[in-house]
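The basis for the numbers below is simple: all heavy atoms, side chains too, and nothing from hydrogens, waters or symmetry mates.
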Amino acid sequence: ELAVADREPEAGHDPAQLWGYYLQLVAVEQAFKTLKGDVAVRTIFHQHEARIEAHIFIAFLAYALHVTLGRRLAALAPGLTPRSVLDKFAAAQMIAVAAHAKELGFTALGITGGEPFLLPWLPEAVLEMVQHLPLVLLNNGTLFVGERLERAAKLAHPGIALQISLDSHLPDINDMARGPDNFAKVVESVPRLLERGVQVRIATTTAGPLDSPALDPLKALVASWGVP
């Protein structure tokens with residue numbers, strides 16, 4: 001049962017004016033969400049006043065363009081949001097980079113930057129990019145469950161390899177550098193990807209030589225998955 005509290009406006013305040021204030025508050029909160037989300041503004045500690053002013057100006061300009069884009073879309077393409085358009089621009093830019101890299105004589109490309117598989121549009125863009133050059137996608141191997149696993153399955157292509165980091169055959173040692181439960185998630189993810197025909201590479205960060213006997217247990221674990 002839903003209980004609704006009927007609150008009267010404070011004496012002397014126009015209800016319409018109070019509602020306007022509330023809408024302004026919602027707009028301000030949405031602006032901060034946009035700046036931290038779609039516009040991806042982050043804290044930078046500047047040492048000079050001119051750089052501080054420039055940072056504020058660029059952030060405001062980006063927000064103004066985001067709002068303008070939203071209003072244009074509302075009038076011309078109501079089904080689209082600024083976020084979806086920015087995603088399409090990002091995908092188109094990545095495909096253009098792959099095409100240009102091939103023209104310049106590149107033989108392969110690597111994709112990294114945070115965790116690429118947080119981007120839902122990534123697999124489709126990668127399938128377009130691989131038409132130009134072979135690709136290696138660097139990722140932490142911890143997100144391949146449910147819908148993300150099925151999206152990754154689309155990357156079962158001879159020109160695409162997923163590079164996953166694993167630093168030790170011992171969970172505690174590996175997770176010290178890679179984060180809690182990283183080892184367990186990678187051990188679960190790699191066979192799932194291989195079952196779906198996705199090529200997997202394992203990368204290791206080590207202070208010693210690659211032929212050190214200390215790495216033999218890790219190599220044996222990787223070989224047990226069928227990863228070369």
Side-chain angles (χ1 to χ4, degrees), residues 40 83-84 86-206 210-211 215-228:
R83 174 72 271 166
S84 63
L86 292 175
D87 287 346
K88 292 180 184 299
F89 284 161
Q93 185 180 43
M94 291 177 67
I95 296 167
V97 166
H100 188 49
K102 183 177 182 179
E103 294 175 358
L104 293 175
F106 282 65
T107 58
L109 290 175
I111 298 176
T112 185
E115 174 47 64
F117 283 94
L118 289 174
L119 305 173
W121 49 265
L122 180 74
E124 286 71 21
V126 168
L127 289 172
E128 292 289 336
M129 294 173 70
V130 78
Q131 302 304 314
H132 301 285
L133 288 172
L135 296 166
V136 176
L137 278 76
L138 282 66
N139 67 100
N140 61 27
T142 61
L143 299 179
F144 298 119
V145 294
E147 184 180 346
R148 286 196 179 107
L149 176 60
E150 298 314 315
R151 284 205 301 263
K154 299 177 183 178
L155 302 180
H157 186 285
I160 301 172
L162 272 58
Q163 180 169 305
I164 297 174
S165 298
L166 196 65
D167 293 340
S168 174
H169 67 291
L170 300 173
D172 292 345
I173 301 299
N174 177 82
D175 293 355
M176 286 176 60
R178 297 294 172 183
D181 300 324
N182 174 269
F183 181 89
K185 291 178 180 178
V186 170
V187 169
E188 292 176 355
S189 294
V190 171
R192 291 172 181 166
L193 293 168
L194 295 173
E195 288 171 2
R196 288 162 174 78
V198 179
Q199 294 190 78
V200 176
R201 295 173 20 170
I202 300 296
T204 300
T205 301
T206 176
L210 292 178
D211 59 355
L215 293 177
D216 288 347
L218 177 59
K219 293 178 181 178
L221 174 62
V222 173
S224 71
W225 293 327
V227 176

Backbone N or O of [Y] within a donor-acceptor pair of the [X] side chain at under 3.5 Å?
{"X": "Glu115", "Y": "Asn140", "value": "yes"}
{"X": "Arg192", "Y": "Phe144", "value": "yes"}
{"X": "Gln131", "Y": "Leu127", "value": "yes"}
{"X": "Asp167", "Y": "Ile173", "value": "no"}
{"X": "Thr142", "Y": "Lys185", "value": "no"}
{"X": "Ser189", "Y": "Val186", "value": "no"}

Given side chains that start at C-beta, do those of [X] and [Y] come closer than 4.5 Å, heavy atoms only?
{"X": "Val190", "Y": "Leu166", "value": "no"}
{"X": "Leu118", "Y": "Arg148", "value": "yes"}
{"X": "Leu137", "Y": "Leu122", "value": "yes"}
{"X": "Phe183", "Y": "Asp172", "value": "no"}
{"X": "Trp225", "Y": "Ile202", "value": "yes"}

[X] side, atom [atom1]; [Y] side, atom [atom2] - distance, nearest 0.5 Å:
{"X": "Leu193", "Y": "Glu188", "atom1": "CG", "atom2": "CD", "value": "12.0 Å"}
{"X": "Thr204", "Y": "Leu218", "atom1": "OG1", "atom2": "CG", "value": "4.5 Å"}
{"X": "Leu138", "Y": "Arg201", "atom1": "CG", "atom2": "CZ", "value": "7.5 Å"}
{"X": "His132", "Y": "Glu103", "atom1": "NE2", "atom2": "CD", "value": "9.0 Å"}
{"X": "Ile160", "Y": "Leu109", "atom1": "CD1", "atom2": "CG", "value": "11.5 Å"}
{"X": "Phe117", "Y": "Asn139", "atom1": "CZ", "atom2": "CG", "value": "5.5 Å"}

Using every non-hydrogen atom in the two residues, find where [X] and [Y] come nearest and quote the distance to one decimal.
{"X": "Pro134", "Y": "Val130", "value": "CA-CG2, 4.3 Å"}
{"X": "Ala101", "Y": "Leu133", "value": "CB-CD1, 3.8 Å"}
{"X": "Leu210", "Y": "Lys219", "value": "O-NZ, 2.8 Å"}
{"X": "Met129", "Y": "Ile95", "value": "CG-CA, 3.9 Å"}
{"X": "Arg178", "Y": "Ser165", "value": "CZ-CB, 3.4 Å"}

Next on the checklist: Pair His157, Leu135 - check side-chain contact (heavy atoms from CB on, under 4.5 Å), show working.
Outcome noted: CA-CA 10 Å; His157 186 285; Leu135 296 166; over 6 Å; no
Checklist entry - Out of Glu128, Glu124, Glu147, which one pairs with Lys154 under the salt bridge (charged side-chain N to carboxylate O under 4.0 Å, His left out) rule? => result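 Filter result, single survivor: Glu124.
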Checklist entry - Between Asn182 and Asn174, does any side-chain donor sit less than 3.5 Å from a side-chain acceptor? => result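 Side chains of Asn182 and Asn174: pair found under 3.5 Å.
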